[in-house]
Chemist: 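Got a structure here, written out as structure tokens. Questions coming.
Numbers for residues simply follow the sequence, beginning at 1. Every heavy atom of this structure was used, including side-chain atoms; hydrogens, water molecules and symmetry mates were not.
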Amino acid sequence: MQPRKLAVLAIGFAVSALFLWLVLRQLDLAEVGAAIASADPLWIAVAVMCFAFGYACRIQRWRIMLLPANPDLSFGRATVPFLASFATNNVLPFRAGDALRTIAFRNWLGIGPSVVLATLIVERLLDLLSLIVAFVIALFIFQHAAAQTNEVIGVGANVLILISVLLTITLLRPQLFERFTLRAIALLGRGAPRIATRLDGITANIFTTLKQQAQGPRMLKLLFWSFFAWIFEGGLFYATALAMPALTDAAAAWLAFPVATLATLIPAMPGHVGTFDFFASRAMVMLDNPATAAAAFALLAHFILWISATVSGGICLLIWSIRRDTGTKTQNQEFSQ
């Protein structure tokens with residue numbers, strides 16, 4: 001492995017270790033374990049169901065993005081690379097799952113890598129927009145905790161609203177950024193013509209896909225499925241909180257949900273160990289939940305998310321490894337040359 005990648009990996013592990021220490025440094029680990037052990041299995045099952053429904057919505061959203069490139073793409077065929085990529089990201093560094101979904105599944109999907117890459121970009125923008133909106137709503141509902149939460153996150157609600165507006169413009173009018181990007185590539189071509197030529201073709205394909213997604217009815221469908229995907233994700237947090245009798249305010253999970261998920265943007269070890277747990281527990285404590293119960297909630301919610309995605313994605317990887325030769329031929333030959 002290259003020294004630079006080793007350094008990045010080491011920093012990620014150090015960040016995770018630091019945040020885990022911040023979560024557990026003043027707590028009795030036996031009490032945290034007891035709080036997790038006391039969780040109601042019925043509500044845990046509800047949380048797992050919320051995971052399943054939420055990811056089904058996200059898969060359907062991704063399938064809608066891919067349909068212009070392959071109108072015959074089924075829900076089941078879209079499910080395999082989607083879940084496999086999340087499982088890979090959970091156990092391997094450097095967003096290996098995203099690379100896997102973009103490149104390795106092109107025959108399985110019958111779609112070229114640059115089109116898949118463009119859909120991943122739209123997916124990330126939709127997710128970020130949804131989380132920011134959820135966070136702003138949570139701040140409005142839990143006004144007495146808003147000041148503390150802003151200190152932890154480091155940005156105010158007004159800044160988040162501005163970011164959400166910019167994201168919306170990007171999703172609805174990608175052509176506003178196309179000309180600027182192409183000019184930047186042209187400048188790059190003066191010093192690195194081969195790279196610029198390659199990037200020019202990829203960029204054109206990406207913006208074609210982005211503009212396809214921005215069309216009125218299609219974008220409304222994407223927003224619809226994004227809304228339900230993240231409602232179910234929030235439901236997972238809430239069901240986990242209801243499972244834990246030691247918590248005094250289970251509704252605080254609706255604040256922990258966007259806070260912890262946005263915290264996964266912080267570079268850390270695979271699976272977002274530490275960063276997710278710290279911010280989830282802090283959000284719960286801010287709404288007057290006991291620190292031990294808040295830490296137990298964060299660890300349990302994280303485990304449910306991680307194990308559900310990793311196991312289901314691992315099964316999808318197994319299916320792909322067995323049946324990969326039955327995948328359709330790619331309809332985009334740009335990367336086969």
Side-chain angles (χ1 to χ4, degrees), residues 1-13 15-16 55 58-59 61-63 65-66 69-70 73 77-128 181 185 194-210 213 261 264-273 275 305-306 309-325 327-337:
M1 187 179 294
Q2 298 176 354
R4 184 178 63 84
K5 288 188 175 181
L6 280 174
V8 172
L9 191 61
I11 291 172
F13 274 84
V15 169
S16 290
Y55 270 67
R58 294 171 76 170
I59 293 165
R61 181 185 64 180
W62 189 49
R63 176 176 170 269
M65 295 184 205
L66 295 173
N70 182 0
L73 182 67
R77 191 159 282 272
T79 297
V80 170
F82 188 90
L83 291 177
S85 69
F86 276 85
T88 304
N89 279 337
N90 277 347
V91 297
L92 294 179
F94 309 119
R95 306 296 298 183
D98 293 347
L100 181 73
R101 187 168 20 149
T102 300
I103 299 172
F105 286 96
R106 60 181 178 179
N107 289 336
W108 178 271
L109 293 168
I111 298 170
S114 64
V115 175
V116 177
L117 176 61
T119 62
L120 262 66
I121 293 172
V122 177
E123 182 180 285
R124 297 295 190 272
L125 293 175
L126 284 166
D127 288 343
L128 185 57
T181 304
I185 293 174
R194 290 185 178 180
I195 296 176
T197 301
R198 188 70 165 173
L199 285 176
D200 188 63
I202 296 172
T203 303
N205 211 331
I206 288 174
F207 273 104
T208 296
T209 304
L210 287 171
Q213 309 307 325
T261 310
T264 61
L265 295 173
I266 300 172
M269 62 185 290
H272 313 293
V273 176
T275 51
L305 281 167
W306 187 90
T310 304
V311 170
S312 59
I315 293 171
C316 287
L317 279 170
L318 180 61
I319 292 171
W320 175 61
S321 66
I322 294 172
R323 302 183 57 192
R324 60 194 299 176
D325 292 336
T328 59
K329 292 183 178 180
T330 181
Q331 297 175 358
N332 188 326
Q333 300 297 323
E334 60 175 310
F335 281 80
S336 64
Q337 298 176 354

Chemist: Angle class for the F82/Y55 ring planes (parallel below 30°, perpendicular above 60°, tilted otherwise)?
Modeler: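 It falls in the perpendicular class, over 60°.
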
Chemist: Can a donor-acceptor pair be found, under 3.5 Å and without considering hydrogens, that links the side chain of T88 to the backbone of A96?
Modeler: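 No, the answer is negative, given that no donor and acceptor are paired below the 3.5 Å cut-off.
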
Chemist: Under 6.0 Å from the ring centre and within 45 degrees of the ring axis: does the NZ or CZ of R77 meet both conditions for the six-membered ring of W108?
Modeler: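 Yes, R77 and W108 form such a contact.
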
Chemist: For A78 and W62, which heavy atoms make the closest approach, and how far apart are they?
Modeler: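 Scanning both residues completely, I find the closest heavy atoms to be O-CZ3, 3.3 Å.
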
Chemist: Below 4.5 Å, heavy atoms only, C-beta onward: do V115 and L109 meet side chain to side chain?
Modeler: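 Of all side-chain heavy-atom pairs linking L109 with V115, none is under 4.5 Å.
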
Chemist: Check this for me: I195, atom CD1, are more than 12 non-hydrogen atoms of other residues, nucleotides or ligands nearer than 6.0 Å?
Modeler: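 Atom CD1 in I195 is not packed in, count stays at 12 or less.
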
Chemist: So, D200 side chain and I185 main chain: donor-acceptor pair closer than 3.5 Å or not?
Modeler: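 No; zero donor-acceptor contacts below 3.5 Å.
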
Chemist: If you round to the nearest 0.5 Å, how far is CG of L199 from OG of S114?
Modeler: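 Atom-to-atom, S114:OG and L199:CG are 12.0 Å apart.
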
Chemist: Find the distance between CG (L305) and OG1 (T310) and round it off to the nearest 0.5 Å.
Modeler: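 The distance works out to 10.0 Å.
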
Chemist: When you compare the side chain of V91 with that of P270, does any pair of heavy atoms fall below 4.5 Å?
Modeler: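 P270 does not reach V91 side chain to side chain.
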
Chemist: Is a donor on one side and an acceptor on the other found under 3.5 Å between the side chain of T119 and the backbone of V116?
Modeler: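 Looks like yes, one N/O pair under 3.5 Å.
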
Chemist: Could you tell me whether a side-chain N or O of N70 sits under 3.5 Å from a main-chain N or O of I111, the two making a donor and an acceptor?
Modeler: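 No; judged by distance alone, with no hydrogens or angles, the pair does not exist.
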
Chemist: Donor-acceptor pair, distance only, cut-off 3.5 Å: does the side chain of W306 make one with the backbone of N90?
Modeler: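 Here the side-chain-to-backbone pair exists.
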
Chemist: Please report the closest heavy-atom contact between A309 and A87, naming both atoms and the distance.
Modeler: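 Answer, listing the atom of A309 first, then A87: O-CB, 3.7 Å.
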
Chemist: Within a strict 4.5 Å, meaning less than it, do heavy atoms of the F94 and L9 side chains meet?
Modeler: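 Heavy-atom side-chain distance check passes, below 4.5 Å.
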
Chemist: Does the side-chain contact (heavy atoms from CB on, under 4.5 Å) test come out yes or no for L83 and I315, once each step is laid out?
Modeler: CA-CA 9 Å; L83 291 177; I315 293 171; over 6 Å; no

Chemist: Quick one: CG on L317 to CG on L100, what's the gap to the nearest 0.5 Å?
Modeler: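 These two atoms lie 6.5 Å from each other.
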
Chemist: How close do A84 and C316 get, counting heavy atoms only, and between which atoms?
Modeler: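 Shortest heavy-atom contact: N-CB, 4.3 Å.
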
Chemist: If I compare all heavy atoms of W320 with all of A104, which pair ends up nearest, and what's the gap?
Modeler: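 It is CZ2-O, 3.6 Å.
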
Chemist: If the test is side-chain contact (heavy atoms from CB on, under 4.5 Å), which one of I121, L125, V122 qualifies with Q213?
Modeler: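 For Q213, the side-chain contact (heavy atoms from CB on, under 4.5 Å) check succeeds only for V122.
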
Chemist: Is there a side-chain contact between L126 and M65 in this structure, where contact means two heavy atoms from C-beta onward sitting under 4.5 Å apart?
Modeler: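 Yes, their side chains come closer than 4.5 Å.
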
Chemist: Please test R61 against D127 for side-chain contact (heavy atoms from CB on, under 4.5 Å), starting from the C-alpha separation and ending with a verdict.
Modeler: CA-CA 11 Å; R61 181 185 64 180; D127 288 343; 2.8 Å; yes

Chemist: Can you tell me which residue pairs pass the salt bridge (Lys or Arg N to Asp or Glu O under 4.0 Å) test with a partner in residues 107-124, sequence neighbours excluded?
Modeler: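 As it turns out, the salt bridge (Lys or Arg N to Asp or Glu O under 4.0 Å) pairs with a partner in residues 107-124, which skip direct neighbours, are D98-R124, R101-E123.
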
